[in-house]
Each structure stands twice: as structure tokens, then as C-alpha cells.
Amino acid sequence: MDYSKEFLEKLYKMMLKIRFCEESFVDPILKKEIQCPVHLYSGEEAIAAGVCAALTEKDYVFGNHRSHGHYLAKGGDIKELIAEIYCKETGCSKGRGGSMHIIAPEKGFLGAAPIVAGTIPLAVGSALASKIRKQEAVSVSFFGDGATGEGVLYESLNFAALKKLPVIFICENNFYSTHLHIRECRPPAPIYKIAQPFGISSIQVDGNDVLKIFKIAEKAVRLCRQGKGPFFIEFLTYRLRGHVGPDDNIQGSRADIRPAKEVEEWKRKDPVKRFEKFILENKILEETKIQEIKKQIQDEVKQAHNFAKQSPNPLKEQVNKYVFK
Amino acid sequence: MSLSKRKLSYGLAINEALCQIMEKDMSVFLLGQGVKSPWYVGATCKDLLDKFGENRVIDTPISENAMTGTAVGAALIGMRPVAVYPRMDFMIYAFDPIINEAANWHYMSGGKSCAPVVFWGIINRGGEQAAQHSQALQSLFAHIPGLKVVAPSTPYDAKGLMLAAIKDDNPVIYIDDRWLYGVEGDVPEEIYAVPIGKGIVRKQGKDVTIVAASYMAQEAIKANEFLEKQGISAEIIDLRSLKPIDEELLFESVKKTGKLVIADGTWKSYGVSAEISALVSENIFKYLKAPVQRVALPDCPAPANQVLEKAYYPTKDNIIEAVKKII
Ligand SMILES: Cc1ncc(C[n+]2csc(CCOP(=O)(O)OP(=O)(O)O)c2C)c(N)n1
Ligand SMILES: [Mg+2]
């Protein structure tokens with residue numbers, strides 16, 4: 001075994017935490033207790049968990065509209081996350097941002113925002129700052145396959161390559177952007193190849209295999225720290241929920257636009273279940289221990305919901321607090 | 001033209017405009033994100049793909065800058081593209097082709113060439129979507145020479161202004177608001193145009209002028225129901241076009257009432273309401289009997305939390321309050 005038991009347990013716990021957190025929103029969304037648009041990360045947990053396990057608190061991460069997992073894996077507080085999704089004053093963005101604007105700068109999670117590709121150059125910027133300051137920090141930009149349509153991605157790749165910046169571009173390719181399959185958005189060339197004309201090392205990796213993800217992320221981080229950045233990774237994955245909210249209601253109905261067979265196939269590749277199987281088969285944890293861990297995390301999630309529900313709304317008199325510093 | 005009485009929702013009125021003009025004029029085509037998804041564009045693009053095919057109804061990749069430039073280029077050789085943005089916020093990526101290219105093109109080329117594109121931006125706010133999914137940017141566009149800006153508030157105008165915008169030889173920013181999509185009203189079945197640059201008196205009155213456009217024009221009408229009961233006679237002007245603006249109609253009304261409340265759904269500073277106020281004080285100052293009142297968004301990004309949203313978006317109550325201040 002290449003990895004310590006503690007490490008594997010930690011990785012597994014993080015994946016579970018993200019999964020349980022995401023699934024915990026389903027019921028309150030359906031009951032309209034949560035009204036802000038929520039893009040669930042269920043099915044893609046291995047990427048956030050695996051990549052962030054290769055980072056330290058000193059490294060930087062930027063996310064997009066589907067970033068609860070990135071936030072948690074980078075060490076963001078779960079209570080503040082869930083409170084933000086209820087848009088409460090105790091949320092990580094004080095209820096001003098909601099699910100699509102989450103942030104934990106104290107942990108190096110520099111922010112998420114839903115304008116597609118909007119945060120990619122911001123990660124290039126934090127990488128540039130690290131280079132100017134001669135600091136070791138690596139920056140990571142998480143974005144979806146949809147972001148490959150935006151020109152700013154290519155401008156960012158060019159500049160990052162030109163200045164050899166310590167930035168890792170991570171494309172979470174789940175084959176869909178809202179209602180469109182990837183084949184309707186781009187010619188059939190693999191995404192990871194877009195980095196190559198810039199001389200950026202790039203690779204396509206199974207995004208549902210957390211150990212493979214960790215391994216490649218570790219390599220990318222090492223190269224970046226050695227001044228051999230940037231690096232580009234395309235992870236192939238799938239969301240197990242709708243684009244926004246629990247179901248895919250993109251077409252105005254509750255029907256999933258994705259073929260049922262395709263969804264079923266990907267369910268079989270569920271990254272959390274897959275890693276759980278590995279953990280059991282390799283006797284990293286016993287079944288009873290797993291149940292114990294699950295209960296602990298469920299409790300933590302439940303407590304965070306209680307905290308969020310009991311938290312106050314922001315005061316309407318303070319609507320324009322935080323416009324300026 | 002027979003103006004048949006038939007009710008249609010705002011969203012379907014836009015749909016009918018697109019459908020009829022695309023049938024009639026082969027140079028018209030539609031491109032943008034979500035044209036085949038009601039989640040993005042409501043009922044506005046219903047059946048268009050089936051009727052006109054993928055060459056003329058193009059659901060695009062997420063590439064606002066290039067898609068918009070593409071529309072401009074097609075317009076330069078005689079096409080009449082309608083470029084839709086399911087949220088105006090996404091148009092910010094497209095500022096270069098809209099502002100630097102399309103808006104300036106006719107002037108820069110000494111009148112030799114023009115870019116008749118309809119840039120159709122949808123305001124999609126509320127629902128705790130926060131700052132990047134709620135913006136109303138008509139003031140920004142109205143600032144730019146060479147762009148016309150329309151913002152219909154009724155199904156009749158939604159159809160008529162879409163048709164007028166497509167017909168216009170200049171780039172036109174067409175702005176609608178998802179909050180209006182369910183509004184029903186009389187819409188003629190045939191093709192017609194609502195002239196760009198012409199406002200309309202929605203209700204005559206003598207005590208105060210309330211001027212508005214887009215969703216705020218609907219709020220003004222609701223405010224009036226209350227004001228009427230209080231014995232206040234308000235004249236309601238729906239501008240329909242923000243640029244060019246119907247100065248004549250505005251001035252005529254303010255000359256009569258001497259009092260002006262401007263209800264605008266964009267930020268207060270440097271925006272539509274500031275422009276209207278300046279026009280009135282510049283041109284007909286001596287008729288004013290009270291300070292101009294502005295109902296607009298506070299200078300603050302859109303919040304997520306719904307308590308804050310409620311405080312943030314102006315409604316009929318704010319209009320009533322503003323009227324009462326000067327009556
Ligand atoms: C500039 C911009 N255009 C359009 C949108 C609307 N939008 C939100 S998410 C999304 C799809 C994103 O797809 P992808 O990047 O693959 O991420 P996924 O949702 O699959 O995780 C789109 C088009 C947006 N938020 N920003
Ligand atoms: Mg995707």
C-alpha cells in the first residue's frame with residue numbers, strides 16, 4: 001500500500017462529507033426552505049477531495065458555480081457553508097452571496113463565482129502574485145467543460161505558460177453544460193489537448209478514482225513548486241443530480257434530459273461507493289467503523305443545518321453593508 | 001391594420017414576433033445560449049428550432065464574446081441576427097463586440113456600413129441568485145452612442161418592439177425582464193411595429209407625472225390604483241424606449257403636472273433616472289414645482305438573501321412613497 005491508513009481514512013471522510021452535505025440539501029430545496037439556486041456536486045466528490053489532499057492551507061483555490069465540494073475539501077467550515085446556502089447572516093458570505101458565492105480565504109479558498117470561466121484568470125493572478133513574492137504557493141482553478149467555450153480560458157493558458165506560473169487548471173468534464181451535451185458545444189477533440197499548443201503539460205484522468213486523482217494532483221503540485229508550471233488536468237466525471245437543484249429540470253419539466261441508461265451507468269461508477277469498496281477490500285476500515293464514521297458525518301451535517309436554520313437573516317437596513325471596504 | 005383583441009402572455013408575444021418575422025424574412029436568425037431550453041428563455045423561443053432548423057436557431061456554446069461578434073459580422077453583410085442572452089449579466093463578456101464594434105461601426109465607417117443586430121438581454125433576478133445573476137444593465141448601454149435601447153413592459157410592446165428592433169438598421173439593445181413573462185395583454189395577431197423612441201401615456205393625470213419603463217411601468221400602474229383611491233391624479237408615462245427617449249411626451253406631461261417621479265429598475269447613480277432628471281431640469285426647469293423624485297436600485301450589488309432582496313428591489317410602495325413626498 002502506497003498510502004497510510006490515516007491518509008486514506010481522511011480522504012474517504014472528505015468524500016463522504018461532501019456527499020452527505022450535498023444530499024442534505026435535497027429535502028430543504030424541495031420544501032423550499034432553501035430557495036437560492038444550488039448546483040450539487042454529488043458524483044464529482046473525488047476530484048475536489050483528491051486534488052485538495054495534494055494541497056496545503058497555503059495554496060490557493062478558485063471555484064465556479066458548483067463549488068461546495070471545492071470549498072469543503074480546501075478546509076472551509078461546513079456550518080458557514082450551509083448557513084450561506086440558507087443565505088443567513090452567519091454564512092461564509094454573510095448571506096449576500098448564496099450558494100454560488102462561497103469563500104474561505106483563511107483556508108486558501110479564495111472564492112467561487114458563477115460567471116462561467118470568470119475565476120480562471122483570478123487563479124492565474126494569485127499564481128502570478130506567488131511568483132512575484134517568491135512564495136511556494138500553488139493556485140488551482142476548477143472549472144467545467146462548459147468553460148472551454150470562453151476565450152478567457154485560452155488567454156489565461158497563454159499567459160500562465162508564458163510566465164511559467166504555478167497554476168493548475170482543472171477541468172471537471174461531466175459531459176454537460178446545463179441542457180447541452182458536450183458534443184453540441186465543441187468538436188470531438190479531447191479537452192486536455194487544448195493546453196498543449198501553449199506547451200503546458202496536460203493529461204486526461206478518470207475523475208471518479210480518487211487515488212488516481214490524488215496522484216496526478218500531487219505531481220502537478222510538485223512541478224508547479226519547482227517552477228515547472230502550469231499544469232492542466234481534465235477529469236472525466238458525471239453529476240448524479242440535476243444541473244441546478246436535485247433533478248434535471250432544465251427543459252422545464254422534471255424529466256432528466258440525460259439518457260436514463262447513461263445515468264445508470266455512471267451511478268455504477270459512483271466515486272464514493274467505489275472508494276468505500278476499496279477501503280473495505282483492503283481492510284483499511286472495518287464495516288462497523290465505516291458506519292460509525294457515516295453517523296458522525298451525518299450528525300455534523302445535521303448540526304450545520306440546525307445552526308443555519310436558527311441563524312438570523314441579515315438586517316434589511318444593512319443591505320448595502322459591504323459595498324466598499 | 002385590424003387590431004384584433006386577443007390575449008397573449010409577454011413571453012409568447014416575443015415568441016410570436018420571432019416566429020412571424022423569421023417566416024417572412026430569411027435574413028433573420030437567432031443565436032444564443034438556451035434557445036432550445038425554456039429554463040433559460042421561458043416561452044419566448046417555443047417551437048422556433050422545429051420550425052426554422054439549426055441553421056437559423058442556434059443554441060451556442062458558452063462563448064458570449066465570440067457569439068456576439070459573430071452576430072455583428074453576419075449583420076455587416078445583410079443578415080438580421082437576434083442575439084439572446086438568457087441573463088444580461090452574461091452580456092458583459094460581449095461588451096467589446098457590442099460597444100467597440102457594433103455601436104461604433106456606422107460612424108467609424110463614415111456611414112458606409114452598419115450592424116443591425118438585436119442584442120436581447122433578459123433580466124433574470126430574484127430568487128436569491130445574487131450579484132452575478134440579477135443585473136439590469138440598460139443604463140450602461142444607453143450611455144453608448146450608436147446603440148438604441150428599448151425596454152417594453154406589456155405584451156403588445158414586447159412584440160411590437162421586437163419587430164421594430166429587428167427592422168431597425170442600427171444595433172438595438174432589447175431588454176426584457178423575466179418578471180414580466182407571465183403578464184397577459186392584448187396582442188394583435190399580425191405583424192406590426194411599435195416605433196422606437198416613442199413612449200406612451202398609460203394613464204392621464206394632472207397632479208404628478210410618473211415616468212417608468214420595463215417592469216417598473218407595471219409597478220407604476222399598481223401604484224396608481226392606490227393613489228387614485230387617495231384622490232391623487234397621476235399621469236403615467238411608459239417610455240418603452242430608453243434611447244432615443246421620448247422627450248416631447250415627457251416634457252409635455254411634466255409641464256402639465258409640475259411634478260415628476262422617475263421609477264427605474266437600474267442603479268440610481270449615473271443611470272436612466274439621472275438622465276431623465278437632467279433632461280427635465282435642463283429643458284423645462286421653470287415648470288417644476290417640486291424636486292424630482294427618483295425610485296431606483298440602491299448603489300449596491302444584488303444581494304442573495306430574500307429579506308435583503310425585498311429591501312433592494314423597488315416596488316409600487318416606493319413609488320407611492322415618492323409621490324407622497326411631493327404631493
Ligand atoms: C458567462 C456565463 N454564461 C452563461 C452562464 C450560464 N451557465 C451557468 S452554469 C452553465 C454551464 C456550465 O457548464 P460546465 O462549465 O460544464 O459546469 P457544470 O455545470 O457541468 O459543472 C451555464 C451555461 C453563466 N453562468 N455565465
Ligand atoms: Mg459540465
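Quick note on labels: first sequence line is chain A, next is B, and so on, each numbered from 1. Since we're looking at a predicted model, the values are computed, not measured.
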Contact winner vs chain A - B/Gln306, B/Lys310, B/Glu309, heavy-atom pairs under 4.5 Å: B/Gln306
From B/Asn305 atom CG to A/Arg96 atom CZ, the distance as rounded to the nearest 0.5 Å: 7.5 Å
Worked verdict on B/Asp59 versus A/His179 for side-chain contact (heavy atoms from CB on, under 4.5 Å): CA-CA 10 Å; B/Asp59 204 326; A/His179 63 300; 2.6 Å; yes
A/Thr178 vs B/Ser37, side-chain contact (heavy atoms from CB on, under 4.5 Å): CA-CA, chis, key distance, verdict: CA-CA 9 Å; A/Thr178 57; B/Ser37 164; over 6 Å; no
Contact winner vs chain B - A/Val152, A/Leu315, A/Leu180, heavy-atom pairs under 4.5 Å: A/Leu180
Polar side-chain atom of B/Tyr93 near backbone of A/Gly151 as donor-acceptor pair, under 3.5 Å: no
Engaged part of A/Ile115 at the chain B interface, taking heavy atoms whose separation is under 4.5 Å: both
Part of residues 63-72 of chain B lying next to chain A, heavy-atom separation under 4.5 Å: B/Ser63, B/Glu64
A/Met100 vs B/Gln132 side-chain heavy atoms within contact, under 4.5 Å: no
Shortest non-hydrogen contact from B/Ala311 toward A/Lys316: CB-CB, 3.8 Å
Close side-chain approach of B/Lys36 to A/Glu184, heavy-atom, < 4.5 Å: yes
Nearest-0.5 Å distance, CZ of residue A/Arg186 to CD1 of residue B/Ile62: 11.5 Å
Heavy-atom closest contact (B/Cys300 atom, A/Val319 atom, distance): SG-O, 3.4 Å
Chain B contacts, top residue of A/Gly98, A/Pro114, A/Gly97 (heavy-atom pairs, under 4.5 Å): A/Pro114
